[in-house]
2 protein chains.
Amino acid sequence: MPDTLAGDVGFRLARAGGAAIRNLNRALARHGLRSRQYTVLVAAAETPGRSQRGLGELLGVDPSAVVAIVDDLERDGLVRREAHPVDRRTRLVVATDAGRARLVEIAGSVGEVDAALLGDLDAGERATLLDLLGRLALD
Amino acid sequence: MPDTLAGDVGFRLARAGGAAIRNLNRALARHGLRSRQYTVLVAAAETPGRSQRGLGELLGVDPSAVVAIVDDLERDGLVRREAHPVDRRTRLVVATDAGRARLVEIAGSVGEVDAALLGDLDAGERATLLDLLGRLALD
DNA sequence: TATTGTTATACTCTATAACTATA
DNA sequence: TATAGTTATAGAGTATAACAATA
(Lines give C-alpha, C1' and ligand atoms only; values in the text may rest on other atoms or scores of the structure.)
Protein backbone atom coordinates (compact mmCIF):
# COMPACT_ATOMS: atom_id res chain seq x y z
CA MET A 1 0.00 0.00 0.00
CA PRO A 2 1.61 3.25 -1.11
CA ASP A 3 1.87 6.24 1.16
CA THR A 4 -0.43 9.06 0.30
CA LEU A 5 1.58 11.97 -1.00
CA ALA A 6 -0.31 14.51 1.06
CA GLY A 7 0.60 12.73 4.28
CA ASP A 8 4.25 12.28 3.48
CA VAL A 9 6.50 14.72 5.30
CA GLY A 10 9.38 14.20 2.87
CA PHE A 11 7.18 15.09 -0.07
CA ARG A 12 5.86 18.24 1.57
CA LEU A 13 9.33 19.31 2.62
CA ALA A 14 10.65 18.87 -0.90
CA ARG A 15 7.69 20.79 -2.30
CA ALA A 16 7.98 23.63 0.20
CA GLY A 17 11.75 23.79 -0.15
CA GLY A 18 11.48 24.04 -3.91
CA ALA A 19 8.90 26.79 -3.63
CA ALA A 20 11.06 28.68 -1.14
CA ILE A 21 14.03 28.57 -3.50
CA ARG A 22 11.94 29.63 -6.51
CA ASN A 23 10.39 32.53 -4.62
CA LEU A 24 13.77 33.65 -3.34
CA ASN A 25 15.36 33.45 -6.78
CA ARG A 26 12.54 35.54 -8.20
CA ALA A 27 13.09 38.20 -5.54
CA LEU A 28 16.88 38.16 -5.92
CA ALA A 29 16.89 38.32 -9.71
CA ARG A 30 16.95 42.10 -9.87
CA HIS A 31 19.78 42.18 -7.34
CA GLY A 32 22.01 40.02 -9.48
CA LEU A 33 22.14 37.04 -7.15
CA ARG A 34 20.88 33.46 -7.03
CA SER A 35 19.68 31.81 -3.85
CA ARG A 36 22.87 29.79 -3.36
CA GLN A 37 25.09 32.82 -3.73
CA TYR A 38 22.83 34.68 -1.35
CA THR A 39 23.07 32.03 1.36
CA VAL A 40 26.86 31.91 1.06
CA LEU A 41 27.01 35.68 1.29
CA VAL A 42 24.79 35.69 4.37
CA ALA A 43 26.91 32.99 6.01
CA ALA A 44 30.10 34.89 5.21
CA ALA A 45 28.69 38.11 6.67
CA GLU A 46 27.27 36.47 9.73
CA THR A 47 30.25 34.31 10.69
CA PRO A 48 33.28 35.82 8.97
CA GLY A 49 36.20 33.57 8.24
CA ARG A 50 34.55 30.28 7.52
CA SER A 51 36.46 27.86 5.34
CA GLN A 52 34.91 26.87 2.03
CA ARG A 53 34.55 23.36 3.38
CA GLY A 54 32.74 24.68 6.39
CA LEU A 55 30.41 26.72 4.21
CA GLY A 56 29.58 23.65 2.17
CA GLU A 57 28.70 21.64 5.24
CA LEU A 58 26.62 24.42 6.72
CA LEU A 59 24.67 24.93 3.51
CA GLY A 60 24.49 21.37 2.24
CA VAL A 61 26.44 22.25 -0.89
CA ASP A 62 29.20 20.17 -2.45
CA PRO A 63 32.71 21.61 -1.95
CA SER A 64 33.25 21.81 -5.69
CA ALA A 65 30.10 23.90 -6.00
CA VAL A 66 31.26 26.21 -3.23
CA VAL A 67 34.28 27.08 -5.34
CA ALA A 68 32.11 28.31 -8.19
CA ILE A 69 29.77 30.22 -5.90
CA VAL A 70 32.63 31.98 -4.09
CA ASP A 71 34.25 32.70 -7.47
CA ASP A 72 31.08 34.51 -8.55
CA LEU A 73 30.78 36.46 -5.31
CA GLU A 74 34.46 37.38 -5.36
CA ARG A 75 34.26 38.54 -8.98
CA ASP A 76 31.42 40.85 -7.94
CA GLY A 77 33.47 42.09 -4.99
CA LEU A 78 30.99 40.84 -2.40
CA VAL A 79 33.35 38.46 -0.61
CA ARG A 80 37.10 37.86 -0.59
CA ARG A 81 39.24 34.85 0.19
CA GLU A 82 41.78 35.28 2.97
CA ALA A 83 44.61 33.06 4.10
CA HIS A 84 44.09 30.87 7.13
CA PRO A 85 46.47 31.93 9.92
CA VAL A 86 48.06 28.51 10.35
CA ASP A 87 46.70 26.10 7.71
CA ARG A 88 47.86 27.15 4.29
CA ARG A 89 45.46 24.79 2.54
CA THR A 90 42.27 26.45 3.70
CA ARG A 91 40.92 29.73 2.46
CA LEU A 92 38.63 31.79 4.65
CA VAL A 93 35.67 33.48 3.04
CA VAL A 94 34.88 36.96 4.32
CA ALA A 95 32.13 39.34 3.25
CA THR A 96 33.39 42.71 2.03
CA ASP A 97 31.81 46.06 2.86
CA ALA A 98 30.14 45.90 -0.54
CA GLY A 99 28.84 42.45 0.31
CA ARG A 100 27.32 43.60 3.57
CA ALA A 101 25.85 46.64 1.84
CA ARG A 102 24.29 44.40 -0.79
CA LEU A 103 22.66 42.35 1.94
CA VAL A 104 21.15 45.48 3.41
CA GLU A 105 19.73 46.44 0.01
CA ILE A 106 18.28 42.99 -0.43
CA ALA A 107 16.86 42.54 3.07
CA GLY A 108 13.46 44.02 2.24
CA SER A 109 12.85 41.77 -0.74
CA VAL A 110 13.94 38.69 1.16
CA GLY A 111 11.72 39.58 4.06
CA GLU A 112 8.74 39.85 1.74
CA VAL A 113 9.43 36.41 0.32
CA ASP A 114 9.50 34.86 3.76
CA ALA A 115 6.41 36.72 4.87
CA ALA A 116 4.52 35.57 1.79
CA LEU A 117 5.60 31.98 2.26
CA LEU A 118 4.65 31.88 5.93
CA GLY A 119 1.25 33.24 5.02
CA ASP A 120 -1.12 32.98 7.94
CA LEU A 121 1.16 31.36 10.50
CA ASP A 122 1.38 33.38 13.69
CA ALA A 123 4.62 34.03 15.57
CA GLY A 124 4.25 30.98 17.81
CA GLU A 125 3.58 28.70 14.88
CA ARG A 126 6.59 30.07 13.00
CA ALA A 127 8.78 29.36 16.00
CA THR A 128 7.37 25.85 16.24
CA LEU A 129 8.01 25.21 12.55
CA LEU A 130 11.56 26.49 12.89
CA ASP A 131 12.17 24.27 15.91
CA LEU A 132 10.77 21.15 14.24
CA LEU A 133 12.77 21.78 11.06
CA GLY A 134 15.88 22.18 13.16
CA ARG A 135 15.35 18.78 14.74
CA LEU A 136 15.18 16.83 11.48
CA ALA A 137 18.08 14.51 10.72
CA LEU A 138 19.38 15.93 7.47
CA ASP A 139 21.61 13.76 5.26
CA MET B 1 21.09 43.97 8.80
CA PRO B 2 20.96 40.53 7.21
CA ASP B 3 18.80 37.73 8.51
CA THR B 4 20.66 34.97 10.26
CA LEU B 5 20.51 31.86 8.17
CA ALA B 6 19.69 29.62 11.10
CA GLY B 7 16.59 31.63 11.85
CA ASP B 8 15.32 31.78 8.32
CA VAL B 9 12.45 29.42 7.64
CA GLY B 10 12.97 29.54 3.88
CA PHE B 11 16.58 28.50 4.25
CA ARG B 12 15.75 25.61 6.54
CA LEU B 13 12.95 24.46 4.29
CA ALA B 14 15.24 24.48 1.27
CA ARG B 15 17.90 22.61 3.21
CA ALA B 16 15.47 20.01 4.57
CA GLY B 17 13.74 19.60 1.22
CA GLY B 18 17.05 19.00 -0.52
CA ALA B 19 18.03 16.42 2.07
CA ALA B 20 14.66 14.68 1.75
CA ILE B 21 15.09 14.40 -2.01
CA ARG B 22 18.67 13.14 -1.74
CA ASN B 23 17.74 10.53 0.83
CA LEU B 24 14.79 9.38 -1.22
CA ASN B 25 16.85 9.15 -4.40
CA ARG B 26 19.43 7.06 -2.58
CA ALA B 27 16.73 4.67 -1.38
CA LEU B 28 15.03 4.48 -4.78
CA ALA B 29 18.22 3.93 -6.77
CA ARG B 30 18.12 0.17 -6.55
CA HIS B 31 14.47 0.20 -7.59
CA GLY B 32 15.19 2.01 -10.82
CA LEU B 33 13.31 5.20 -9.97
CA ARG B 34 14.10 8.82 -9.18
CA SER B 35 12.16 10.86 -6.65
CA ARG B 36 10.20 12.77 -9.27
CA GLN B 37 9.13 9.63 -11.07
CA TYR B 38 8.22 8.12 -7.74
CA THR B 39 5.96 11.01 -6.75
CA VAL B 40 4.21 10.92 -10.12
CA LEU B 41 3.71 7.17 -9.76
CA VAL B 42 2.28 7.59 -6.26
CA ALA B 43 -0.06 10.33 -7.44
CA ALA B 44 -1.18 8.21 -10.38
CA ALA B 45 -1.86 5.24 -8.12
CA GLU B 46 -3.60 7.23 -5.45
CA THR B 47 -5.86 9.33 -7.67
CA PRO B 48 -6.11 7.50 -10.99
CA GLY B 49 -6.91 9.52 -14.05
CA ARG B 50 -5.26 12.82 -13.36
CA SER B 51 -4.30 14.92 -16.37
CA GLN B 52 -0.62 15.64 -16.90
CA ARG B 53 -1.37 19.28 -16.23
CA GLY B 54 -3.03 18.33 -12.96
CA LEU B 55 -0.05 16.24 -11.95
CA GLY B 56 2.28 19.13 -12.62
CA GLU B 57 0.27 21.46 -10.44
CA LEU B 58 0.00 18.94 -7.63
CA LEU B 59 3.70 18.22 -7.63
CA GLY B 60 5.08 21.65 -8.50
CA VAL B 61 6.60 20.38 -11.72
CA ASP B 62 6.57 22.17 -15.06
CA PRO B 63 4.18 20.61 -17.61
CA SER B 64 7.03 20.04 -20.04
CA ALA B 65 8.88 18.06 -17.37
CA VAL B 66 5.80 15.98 -16.65
CA VAL B 67 5.90 14.76 -20.25
CA ALA B 68 9.41 13.36 -19.80
CA ILE B 69 8.62 11.79 -16.44
CA VAL B 70 5.47 10.08 -17.72
CA ASP B 71 7.42 8.96 -20.80
CA ASP B 72 9.90 7.20 -18.53
CA LEU B 73 7.24 5.59 -16.38
CA GLU B 74 5.24 4.48 -19.42
CA ARG B 75 8.35 2.99 -21.04
CA ASP B 76 8.84 0.92 -17.90
CA GLY B 77 5.19 -0.13 -17.94
CA LEU B 78 4.41 1.50 -14.60
CA VAL B 79 1.76 3.93 -15.87
CA ARG B 80 -0.20 4.34 -19.08
CA ARG B 81 -1.82 7.32 -20.76
CA GLU B 82 -5.56 7.04 -21.40
CA ALA B 83 -7.90 9.21 -23.39
CA HIS B 84 -10.06 11.69 -21.52
CA PRO B 85 -13.74 10.79 -21.96
CA VAL B 86 -14.78 14.17 -23.35
CA ASP B 87 -11.69 16.39 -23.81
CA ARG B 88 -9.51 14.97 -26.53
CA ARG B 89 -6.61 17.27 -25.66
CA THR B 90 -5.94 15.87 -22.22
CA ARG B 91 -4.36 12.53 -21.46
CA LEU B 92 -5.09 10.81 -18.19
CA VAL B 93 -2.24 9.12 -16.38
CA VAL B 94 -3.11 5.82 -14.72
CA ALA B 95 -0.89 3.48 -12.72
CA THR B 96 -0.73 -0.06 -14.13
CA ASP B 97 -0.78 -3.22 -12.03
CA ALA B 98 2.99 -3.33 -12.42
CA GLY B 99 3.17 0.26 -11.20
CA ARG B 100 1.17 -0.49 -8.09
CA ALA B 101 3.23 -3.62 -7.47
CA ARG B 102 6.41 -1.57 -7.74
CA LEU B 103 5.09 0.83 -5.11
CA VAL B 104 4.47 -2.08 -2.76
CA GLU B 105 8.04 -3.30 -3.26
CA ILE B 106 9.38 0.16 -2.59
CA ALA B 107 7.21 1.02 0.41
CA GLY B 108 9.64 -0.35 2.98
CA SER B 109 12.62 1.60 1.71
CA VAL B 110 10.61 4.80 1.50
CA GLY B 111 9.30 4.31 5.01
CA GLU B 112 12.83 3.98 6.32
CA VAL B 113 13.85 7.22 4.66
CA ASP B 114 11.01 9.11 6.24
CA ALA B 115 11.62 7.53 9.63
CA ALA B 116 15.31 8.46 9.50
CA LEU B 117 14.53 12.02 8.47
CA LEU B 118 11.97 12.53 11.22
CA GLY B 119 14.48 11.29 13.75
CA ASP B 120 13.31 11.95 17.25
CA LEU B 121 10.02 13.70 16.52
CA ASP B 122 7.10 12.00 18.24
CA ALA B 123 3.75 11.38 16.58
CA GLY B 124 2.24 14.64 17.76
CA GLU B 125 5.19 16.66 16.55
CA ARG B 126 5.07 14.96 13.16
CA ALA B 127 1.41 15.82 12.83
CA THR B 128 2.16 19.42 13.80
CA LEU B 129 4.95 19.65 11.24
CA LEU B 130 2.70 18.22 8.56
CA ASP B 131 -0.04 20.69 9.43
CA LEU B 132 2.29 23.70 9.41
CA LEU B 133 3.85 22.65 6.10
CA GLY B 134 0.39 22.28 4.63
CA ARG B 135 -0.47 25.84 5.56
CA LEU B 136 2.46 27.46 3.79
CA ALA B 137 1.67 29.53 0.71
CA LEU B 138 3.66 27.73 -1.98
CA ASP B 139 4.42 29.58 -5.23
C1' DT C 1 -8.93 32.91 -28.00
C1' DA C 2 -7.44 29.76 -24.48
C1' DT C 3 -5.71 25.29 -23.03
C1' DT C 4 -3.24 20.45 -23.27
C1' DG C 5 0.38 18.16 -24.51
C1' DT C 6 4.63 18.24 -26.78
C1' DT C 7 9.38 19.49 -28.50
C1' DA C 8 13.46 22.11 -28.33
C1' DT C 9 16.63 24.62 -25.81
C1' DA C 10 19.35 26.83 -22.39
C1' DC C 11 20.61 27.27 -17.94
C1' DT C 12 21.23 25.81 -13.16
C1' DC C 13 22.12 22.40 -9.86
C1' DT C 14 24.12 18.07 -8.18
C1' DA C 15 27.54 14.58 -7.82
C1' DT C 16 31.82 12.22 -8.81
C1' DA C 17 36.44 11.61 -9.82
C1' DA C 18 40.98 13.19 -10.18
C1' DC C 19 44.60 16.49 -9.30
C1' DT C 20 47.69 19.95 -6.26
C1' DA C 21 49.29 21.67 -2.30
C1' DT C 22 49.46 21.24 2.00
C1' DA C 23 48.92 18.83 6.75
C1' DT D 1 47.76 9.09 4.73
C1' DA D 2 44.41 12.46 5.02
C1' DT D 3 42.37 16.99 4.01
C1' DA D 4 41.27 21.77 1.51
C1' DG D 5 40.67 23.58 -2.56
C1' DT D 6 40.26 23.15 -7.45
C1' DT D 7 39.04 21.52 -12.19
C1' DA D 8 36.50 18.88 -15.40
C1' DT D 9 32.56 16.53 -16.56
C1' DA D 10 28.23 14.21 -16.76
C1' DG D 11 23.70 13.89 -15.45
C1' DA D 12 19.47 15.67 -13.34
C1' DG D 13 16.42 19.43 -12.57
C1' DT D 14 14.23 23.96 -13.94
C1' DA D 15 12.28 27.31 -16.97
C1' DT D 16 10.85 29.40 -21.33
C1' DA D 17 9.18 29.73 -25.79
C1' DA D 18 6.91 27.91 -29.62
C1' DC D 19 3.88 24.67 -32.01
C1' DA D 20 -0.21 21.36 -33.21
C1' DA D 21 -4.50 19.71 -31.81
C1' DT D 22 -8.50 20.71 -29.54
C1' DA D 23 -11.69 23.39 -26.67
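Worth knowing before you read on, the calculation uses all heavy atoms, side chains too, and leaves out hydrogens, waters and symmetry mates. Labels below follow one simple rule: chain letters A, B, ... track the order of the sequence lines, proteins then strands, and each chain is numbered from 1.
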Would a 4.5 Å heavy-atom cut-off, applied to side chains only, mark [X] and [Y] as touching?
X        : Y        : answer
A/Asp62  : A/Val66  : no
B/Thr47  : B/Leu58  : no
B/Leu133 : A/Leu129 : yes

Report the residue from B/Leu55, B/Leu41, B/Val61, B/Leu59 that forms a side chain to side chain contact (heavy atoms under 4.5 Å, CB included) with B/Ile69. B/Val61
In B/Ile106, B/Leu73, B/Leu78, the residue satisfying side chain to side chain contact (heavy atoms under 4.5 Å, CB included) with B/Tyr38 is B/Ile106
Tell me which of A/Ser51 and A/Gly18 sits closer to the 5' end of DNA chain D, going by the nucleotide each one is nearest to. A/Ser51
Within the distance-only criterion (no hydrogens, no angle test), does the side chain of A/Asn25 pair as donor or acceptor with the backbone N or O of A/Ser35 below 3.5 angstrom? yes
Backbone N/O of A/His31 and side chain of A/Arg102: donor-acceptor pair under 3.5 Å: yes
Measure from [atom1] on [X] to [atom2] on [N] and round the result to the nearest Å.
X        : N      : atom1 : atom2 : result
B/Arg53  : D/dA23 : CZ    : P     : 15 Å
B/Asp72  : D/dA12 : CG    : C1'   : 11 Å
B/Asp139 : D/dT14 : CG    : P     : 12 Å
B/Arg50  : C/dT4  : CZ    : P     : 14 Å
A/Leu92  : D/dA4  : CG    : C1'   : 11 Å
A/Asn25  : C/dC13 : CG    : C1'   : 11 Å
A/Arg26  : D/dT14 : CZ    : P     : 14 Å
A/Gln52  : D/dT7  : CD    : P     : 10 Å

Tell me whether the OP1 or OP2 atom of [N] has a side-chain N or O from [X] closer than 4.0 Å.
X       : N      : result
B/Gln37 : D/dA12 : no
A/Arg81 : D/dA4  : no
A/Arg34 : C/dC11 : no

What string of B, S and - do you get for nucleotides 14-23 of chain C 5' to 3' if you count protein non-hydrogen atoms under 4.0 Å? SSB----BBS
Students often get this wrong, so: under 4.0 angstrom with heavy atoms, is B/Arg91 touching a base, only sugar-phosphate, or nothing? sugar-phosphate
